[in-house]
Amino acid sequence: MKRFKKITVPGTTPFSDQGYAAISVGETSEWKWWFNPIKLMGVFLALLMGFSVLFSVSVVLNDPPSDFLWNVVDARKFDFHSQKAVKEDDLPQPVLVPKDKLLSDLLPTGFDENSCLSRYQSLLYRKETPRKASPYLISKLRNYESLHKKCGPHTKLYNQTVQDLKSGRSSNASECKYIVWVSFSGLGNRILTLASTFLYALLTNRVLLVDPGVDIPELFCEPFPEASWLLPKDFPLTNKFKSFNQKSNESYGNMLKSKNNLTELPYVYLHLVHDYNDEDKLFFCNQDQIFLQKTPFLIMKTDNYFVPSLFLIPSFEQELNDLFPDKETVFHFLGRYLFHPTNSVWGLISRYYQAYLSNADVKVGIQIRVFDTGPGPFKHVLDQILACTMNENILPTIDQKPFIITSSEKKKKTIAVLMTSLSSGYFEEVRNLYWENPTVSGEWIGVYQPSHEEYQQTEKQNHNRKAWAEMYLLSFSDKLVTSSWSTFGYVAQGLGGLKPWILYKPENGTAPDPACRRAMSMEPCFHAPPFYDCKMKRGVDTGALVPHVKHCEDMSWGLKLVQQHAEL
């Protein structure tokens, strides 16, 4: 083998084949070497380049890109039990700062941002919406916050009103009146009914107090600055909440039957659950609202999103038109104002989003709720999901021809499909379909399911944390498919400002044809509305009284708010 010729610098010992020999440089040579301008410049440039490299590395290590995964997450399951207390540094931190972190002043100022990271960080996960809250709604919210601060728990005025309640007196002279929301039913129902109750509080100048139930403080940040919305533990009626029902003597309907004088009562129980009777439904009549406004405490238990019927009460009509010129944005704005995941839940949401959804070109959410009994998955439900998503161009069709990827293949569009269901079967079938077959148009499809709990566990905190996280993840979708009658889907569509494709409820074990239809609006459905004309005192179709209250797509007797384009 030819050897390279050794190069010897004058006055030095050449490098040895066995290693480096000591370099011996005479004084004269050394002096000349240090004062050689060309060599000095070379040393300076080398030092400068080395410093630049070290600085760049330190910047990258201290400020990683936004999709850098700080936590490794199982692609199939959330595991909350293994988590310790969540600190700010434990969560994926977006590099960008929201341009409009207050949602055009919908959200209030005055919060410690680290106490509820989702309040502002969640805006970075959503596309900017052209919908803006009305100036009147923003003004109303600021006024409410002042009222809540003045009359909220443990204030002087609250303590005085509660003292009157304990003594059985009706403190009509009090500056503060209250609506107490009782925690009841599944999580989707609770979110929708809490928004409904808050709207009623805005309309009637009442302070909303929230029964914590088993998990409200663990799921939601406080929405009002400088005052809690949680009902104090020593509230004198708390021990009655579970026993309140349609037959309770304190219910508004039963008081009407017994002709009690409502002006002298310290509180009234409002039973607006799906089994309420005709007398209870008089709550939605104008004259009855006049009676109720004098009562210091209203205690409400409901599993219904009753907002559409508030729009049919004449005394609220103008106020609601001013608050919501766009009728289908009621839950969208109230939901974004009220419901911010706590840091522990936000950790579940942000880690999963960054790991599996953030880099996709298109995010598709599919929410599956099956009311059939027996073990699933059901073939007719799977057939319905595939028919809906492919016929409506939500997901691409598959190609049965042989498919070969070449090295010159250009980058294809990526679609992330987030599926939520109590069963894992539908996820596995859809995932395998797109794993085993290419798409006709060449997209790359990733299918993910965070959890599968098998059955609903309403009273379990960890179950509800996962459910809340999944609702919120679905709300980040570009396209959304939901199931009929499901309040889980209603919450996701409302928070996301989405008009979903709704899967029709299957009957007799067969897939409906057509499989789904596009929703008229992003508003939830009121499942058990009254059908009564308060003025004429007779039955009436309340879905045909005004153009902005229609029957629901997924429940023919339900009511929902829609926006008439002529009104825009």
Side-chain angles (χ1 to χ4, degrees), residues 144 178-204 206-217 219-220 223-224 229-231 237-238 241-242 244-246 248 251-253 268-276 280-281 283-284 289 292 297-313 316 320 324 330-340 369 456 458-459 464 467-468 471-472 485-495 522-530 549 552 555 558-561:
Y144 174 81
Y178 300 88
I179 176 82
V180 178
W181 173 87
V182 176
S183 185
F184 172 70
S185 194
L187 182 59
N189 287 349
R190 285 190 285 162
I191 292 173
L192 296 180
T193 60
L194 190 43
S196 305
T197 308
F198 178 62
L199 178 58
Y200 181 72
L202 290 180
L203 294 172
T204 57
R206 288 180 178 271
V207 173
L208 172 66
L209 299 177
V210 174
D211 168 27
V214 296
D215 55 10
I216 292 296
L219 298 177
F220 307 110
F224 312 131
W229 67 343
L230 297 175
L231 185 71
L237 301 179
T238 302
F241 288 171
K242 287 187 177 180
F244 279 150
N245 57 41
Q246 185 192 58
S248 298
S251 75
Y252 183 63
V268 170
Y269 166 57
L270 301 173
H271 185 79
L272 301 184
V273 183
H274 63 274
D275 65 353
Y276 60 165
D280 291 318
K281 294 175 185 178
F283 168 82
F284 296 105
Q289 283 301 317
L292 289 170
F297 281 95
L298 298 179
I299 315 297
M300 181 181 289
K301 183 183 283 189
T302 179
D303 57 0
N304 278 301
Y305 180 74
F306 57 81
V307 168
S309 286
L310 295 180
F311 276 77
L312 301 179
I313 299 175
F316 295 158
L320 286 168
F324 302 101
V330 177
F331 181 74
H332 178 63
F333 287 130
L334 295 185
R336 287 198 173 188
Y337 175 80
L338 289 172
F339 304 116
H340 306 285
R369 175 65 191 275
Q456 189 167 347
T458 300
E459 296 301 315
N464 287 331
W468 178 215
M471 290 180 207
Y472 217 81
W485 299 17
S486 176
T487 56
F488 194 109
Y490 295 161
V491 171
Q493 73 193 44
L495 291 176
M522 58 188 177
E523 273 288 295
C525 179
F526 181 6
H527 286 172
V549 177
C552 307
M555 186 174 282
L559 297 180
K560 73 181 297 183
L561 291 166

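Here the structure is a predicted model, which means the values were calculated and not measured.
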Between Pro530 and Ser309, the two heavy atoms sitting closest are CD-OG, 3.5 Å
Over all atoms of both residues, closest heavy-atom pair of Leu192 and Tyr305 | O-CD1, 3.5 Å
4.5 Å side-chain heavy-atom contact, Val273 and Gln246 | no
Report yes if some heavy atom in the side chain of Phe241 is under 4.5 Å from a heavy atom in the side chain of Tyr269; otherwise report no.
-> no
Stepwise side-chain contact (heavy atoms from CB on, under 4.5 Å) check, Leu292 with Leu270 = CA-CA 10 Å; Leu292 289 170; Leu270 301 173; 4.2 Å; yes
Between Tyr472 and Trp468, how do the two ring planes meet: parallel, tilted or perpendicular, split at 30° and 60°?
-> perpendicular
Face-on cation placement of Lys301 at Phe244 ring, 6.0 Å and 45° thresholds = no
Give a yes or no on whether the backbone of Ser248 and the side-chain of Ser251 come within a donor-acceptor separation of less than 3.5 Å.
-> yes
Between Phe333 and Phe324, is the ring centre distance below 6.0 Å?
-> no
Closest non-hydrogen atoms of Ala467 and Leu187, given as atom of the first, atom of the second and distance, are CB-CD2, 4.1 Å
pair Tyr200-Leu298: side-chain heavy atoms closer than 4.5 Å | yes
Considering all heavy atoms, the nearest Ala195-Leu334 contact | O-CD1, 3.9 Å
Check the angle between the aromatic planes of Trp229 and Phe220 and answer parallel, tilted or perpendicular using the 30° and 60° thresholds.
-> perpendicular
Closest non-hydrogen atom pair, Tyr178 against Arg206 | O-NH1, 2.9 Å
Rounded to the nearest 0.5 Å, what's the gap from CZ on Phe306 to CG on Leu199? Could you check?
-> 7.5 Å
Side-chain contact test, heavy atoms from C-beta onward, threshold under 4.5 Å: evaluate it for Leu561 versus Val549 and give yes or no.
-> yes
Approximate separation, where rounding is to 0.5 Å, of Glu523 CD and His332 NE2 = 10.5 Å
What distance separates Asp215 CG from Arg190 CZ, expressed to the nearest 0.5 Å?
-> 4.5 Å
Contacts of Lys560 meeting salt bridge (Lys or Arg N to Asp or Glu O under 4.0 Å) (sequence neighbours excluded), chain-then-number -> Glu553
Which distance, rounded to the nearest 0.5 Å, do you find between the CE of Met522 and the CZ of Phe331?
-> 10.5 Å
Of all the heavy-atom pairs spanning Pro212 and Pro217, show the shortest one and how long it is.
-> O-CD, 3.9 Å
Give the intermediate values and the outcome of side-chain contact (heavy atoms from CB on, under 4.5 Å) for residues Leu203 and Gln289.
-> CA-CA 11 Å; Leu203 294 172; Gln289 283 301 317; over 6 Å; no
Assess the side chains of His271 and Asp280: does a donor N or O sit below 3.5 Å from an acceptor N or O?
-> no
Give, for atom OG of Ser196 and atom CH2 of Trp181, the distance between the pair rounded to the nearest 0.5 Å.
-> 11.0 Å
Report yes if some heavy atom in the side chain of Phe284 is under 4.5 Å from a heavy atom in the side chain of Leu312; otherwise report no.
-> no
Option from Thr487, Asp303, Asn304 for which side-chain hydrogen bond (donor to acceptor under 3.5 Å, both in side chains) with Asn189 holds = Thr487
For the residue pair His527 and Tyr490, categorise the inter-ring angle as parallel (less than 30°), tilted (30 to 60°) or perpendicular (more than 60°).
-> perpendicular
Leu237 and Val180, any side-chain heavy atoms less than 4.5 Å apart | no
Are Phe198 and Tyr144 close enough that their ring centers fall under 6.0 Å?
-> yes
With side chains defined as the heavy atoms from C-beta onward, is the minimum distance between Met300 and Phe283 less than 4.5 Å?
-> yes
Applying side-chain contact (heavy atoms from CB on, under 4.5 Å), run through Leu219 and Phe339 and close with a yes or a no.
-> CA-CA 9 Å; Leu219 298 177; Phe339 304 116; over 6 Å; no
Quick one: are Leu194 and Leu208 in side-chain contact, heavy atoms under 4.5 Å?
-> yes
Rounded distance [0.5 Å steps], CG in Leu230 versus CG in Asp211 = 9.0 Å
